[in-house]
S.K.: 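Next up is a structure, given as structure tokens.
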Amino acid sequence: MNINPVLLKELKVRMRGWKAAGIIALYLLVLTVVAVFIIYTTFMDPYSSNIDPQVSIGAYTALAVFQFMLIMFIVPALTAGAISGEREKQTLDLVLCTRLKPISIITGKLFASTSQTLLLIIASFPLFSMVFLFGGISIKEVMQLFGFYIVTAVTIGCIGIFFSAHLKRTTASTVFTYGTLAFLAFGTIFIGVFYIRIFYNWDYNKFLPILYSNPLTGFGSLLAEQFGYYGGINAFLGLSAGSGQNPNAANAISPWLGNIIFDIVLSAVLLILSAARINPVRKSIFSYIRFRGRKKKKASDSI
Amino acid sequence: MLSIRNLNKRYGRFQAVSELNLDVPEGEIFGFVGPNGAGKTTTMKIICGLLRATSGEITLDGVDIIRNSRRMKEKIGYMPDFFGVYDDLKVNEYLEFYASIYNIKGQERKRITDDLLELVDLGSKREAYVDSLSRGMKQRLCLARSLVHNPRLLVLDEPASGMDPRARFEMKEILKNLKGMGKTIIISSHILPELAELCTSIGIIDQGRMVISGSNEEIMQQVYNKKVVRLKVRDRLDDAVLILKEYPFVDKLVIGENTIQAGFGGGDGEMSRVLSDLINRGIPVVSFAQMDGNLEDVFMKVTKGDDEQ
């Protein structure tokens, strides 16, 4: 099997020495402290002397939120300089003049940049399994959460790579990546609320699509669904199928599932655009438009 | 081998390369000379698939480079005028990374890496971090990188820029080795005497146009219309000048301190006749030889300075 050479090189550099192992160890230690603290405080509760699934749900939620925040904050910083950094080091041309396809360079850089975060996520899996001791959470649900993490991390990585490929400076790319993420997380909610308040339109089927792009909504709805809460965020989205608020809600897909589909489509589009951007012999859309314009002008002149 | 026809590259309104034509036969070392901003790097980047030409055709062994960019990249090695090295890799890892891009695996990858490091005299540095290498060493490592897939055509953009005399000498020796190995090389440099010594043919580019190209001798003949001979005498310089002026095929005399440089229209027979005449008439000749050509003079003559642009 041929492993992407860019990915292999990056992994070799990143995993060299004790630094990578040290980061994983430290991260797992922090997660353990968080989980133990929550379990301990729940056990200390004088009104709850038995083993209660609520213990595992509390620990699971804390770990899940902690890990999700890590993805949201760390991945942009790691990916926003992936291509612009190569440009700044003057190594991009050297890779581009080889037989490697631009899309291979982009995917190699993407997975290399997100690999450290993905490794942290995967390494924390055994810690999550600690909640199985208390019941309330199944393996399937933990797998769902990890699948959601991986898709979110890769999508944020794609956003970072996209700006990194399009902007010359890493600083500008980082700002734009965090800005886009802030828009997806908060801007879409603002637009949704604005839409409802201004137009008094409570038809959630029209309101929902924009929130499919929101990672927070997706994450919140996943946890809510796993805990069997049909209030909270799902009610806000009009997805409380049983509540009778919205007859179309039963036919709508869950926000987290919609978010995953949106993320996959967005990632694919961004990867293609990034690969096209770094391809030195690409035909730009503007030159194509100019060419068409000239052709039309010639044709009209000849008439 | 390499053929460029009517190559044009335009950045907005700026014409970087204009109707450039060039032929480099197999095994040649072609020196690409021109002032800053003349279009050398642009042309080289287009050859290597790093820039899109506005129009024109480039073929390598008859195959269109522009249309078959990816396939042709396997036949071309490019060394830019900057280092472009990953500081956090070791020297052998750096070469192995580029070898892996060309799908060179296992023992073969190791063998090629070792051979190239020996070729560029970095065998003792294979376990050193790239970061720790000197400028000259980094440039030699870059040259090794451009050779990792055994390309038929090497495009070297200012390979000796910023090097000290010793590093330049070492680079020149490596290029001579590559010439011996039959590689076709296009090289740009500002150090013109070195190019004259190393290259089998030279092209001078100015404002995106190829002003003149051919072998060193052909260029001198095109510029001066004649050979250039240089005479050095111990004394009686004025008498020597008078004797030379007697010959109709000798002209454009440039007189220095005990030296005369002149355009010479005759062949070898005429040269020996003039030399015998000088000696028979008592001129104390120290040396009398056809000049290899002063490329710098030619360069200044055929290109326009910044002030004239």
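A, B, ... follow the sequence lines: proteins, then strands. Residue 1 opens every chain. What you see is a predicted model, and the numbers here were worked out from it, not measured in a lab.
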S.K.: For B/Cys48 and A/Cys97, work out which heavy atoms get closest and say how close.
M.R.: O-CB, 4.1 Å

S.K.: Step through the shown structure and confirm whether more than 12 heavy atoms of other residues, nucleotides or ligands are within 6.0 Å of NZ on A/Lys168.
M.R.: no

S.K.: Flag the one option from A/Val13, A/Leu94, A/Asn279 with the top tally of heavy-atom pairs under 4.5 Å to chain B.
M.R.: A/Leu94

S.K.: Looking at A/Tyr27, I'd like to know if its OH atom is crowded, meaning that more than 12 non-hydrogen atoms belonging to other residues, nucleotides or ligands lie closer than 6.0 Å.
M.R.: yes

S.K.: In Å, rounded to the nearest 0.5 Å, how long is the span from NZ of A/Lys9 to CD of B/Glu93?
M.R.: 10.5 Å

S.K.: Measure B/Leu89 against the heavy atoms of chain A and call it side chain, backbone, both or neither at under 4.5 Å.
M.R.: both

S.K.: How close do A/Val281 and B/Gly49 get, counting heavy atoms only, and between which atoms?
M.R.: CG1-O, 3.6 Å

S.K.: Is the backbone N or O of B/Asp88 less than 3.5 Å from a side-chain atom of A/Arg16, with the two atoms forming a donor-acceptor pair by type?
M.R.: yes

S.K.: With a cut-off of 6.0 Å (strictly less than), are more than 12 heavy atoms of other residues, nucleotides or ligands near CE of A/Met69?
M.R.: yes

S.K.: So does A/Phe125 have more than 12 non-hydrogen atoms from other groups sitting under 6.0 Å from CZ?
M.R.: yes

S.K.: Mind checking what makes ring-ring contact (aromatic ring centres under 6.0 Å, His included) contact with B/Tyr98, not counting sequence neighbours?
M.R.: B/Tyr94

S.K.: Of the backbone (N, CA, C, O) and the side chain (C-beta and beyond), which part of B/Val85 lies under 4.5 Å from a heavy atom of chain A, both, or neither?
M.R.: backbone

S.K.: Looking only at heavy atoms and a cut-off of under 4.5 Å, which of A/Leu100, A/Leu92, A/Thr91 has the most pairs with chain B?
M.R.: A/Thr91

S.K.: Under 3.5 Å, side chain of A/Arg99 to main-chain N/O of B/Ile101, donor-acceptor pair present?
M.R.: yes

S.K.: When you look at B/Leu50 and A/Leu96, which way does the side chain to side chain contact (heavy atoms under 4.5 Å, CB included) test go after all the steps?
M.R.: CA-CA 7 Å; B/Leu50 288 172; A/Leu96 285 171; 3.7 Å; yes

S.K.: Contact part of B/Arg71 toward chain A, heavy-atom cut-off under 4.5 Å: side chain, backbone, both or neither?
M.R.: neither

S.K.: With distance as the sole criterion, is a donor-acceptor pair present between the side chains of A/Glu86 and B/Tyr86 under 3.5 Å?
M.R.: yes

S.K.: Inspect the surroundings of NZ in B/Lys138 and state if more than 12 heavy atoms from other residues, nucleotides or ligands are less than 6.0 Å away.
M.R.: yes

S.K.: Within the supplied structure, the quantity of interest is the number of heavy atoms (other residues, nucleotides, ligands) at a distance under 6.0 Å from B/Gln107 CD; does it exceed 12?
M.R.: no

S.K.: Is any NZ, NE, NH1 or NH2 atom of the basic residue among A/Asp93 and B/Lys45 found under 4.0 Å from an Asp or Glu carboxylate oxygen of the other?
M.R.: yes

S.K.: Tell me whether B/Arg67 at atom CZ has more than 12 heavy atoms from other residues, nucleotides or ligands lying less than 6.0 Å away.
M.R.: no

